[in-house]
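First the structure, in the form of structure tokens, and then the observations on it.
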Amino acid sequence: MDELMLDGNAIAGLLQELFAVEMTTAIGTCADCGAAGPVGAAHLYRGAGIVLRCPHCDNVLAKIVKNDSRVWIDFTGIRTLEATV
């Protein structure tokens, strides 16, 4: 095992820190058109889950599905997500 490689458990603290902040003010960059803006400015559509779309090009930024015990998050349409910690 490479001395610089750890398993995914090594990021637990950082993930907890990042996802415990106000995410509507985080700046997301659309993977399609490159526009950047706060997550709170994205267009939200509700159905079987939540779909966030870019307000500039209508690209799907994120899909979120939640049940009583789990959450599935797909951020495929967001190139980067910058949050203040």
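As a basis for the values below, the full set of heavy atoms in this structure was taken, side chains included, without hydrogen atoms, waters or symmetry mates.
- Rounding to the nearest 0.5 Å places CG of D58 at 10.5 Å from SG of C33.
- Atom CG of L61 and atom CZ of R53 lie 9.0 Å apart (nearest 0.5 Å).
- The two residues A10 and L6 make their nearest non-hydrogen contact at CB-CD1, 3.6 Å.
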Would you list the atom pairs, donor with acceptor, under 3.5 Å between side chains in residues 13-25 and any protein atom, with sequence neighbours excluded?
residue	atom	partner	partner atom	Å
E22	OE2	T24	N	3.1
E22	OE2	T24	OG1	2.2
T25	OG1	E22	O	3.3

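- Residues A31 and N59 come closest through the heavy atom pair N-ND2, 4.2 Å.
- Contact between P38 and I27 at its shortest, heavy atoms only, is N-CD1, 3.8 Å.
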Enumerate donor-acceptor pairs with a distance under 3.5 Å from any side-chain N or O in residues 72-85 to protein atoms, sequence neighbours excluded.
residue	atom	partner	partner atom	Å
D74	OD1	T76	N	2.7
D74	OD1	T76	OG1	2.2
D74	OD2	K63	NZ	3.3
D74	OD2	T76	OG1	3.4
T80	OG1	T29	OG1	3.1

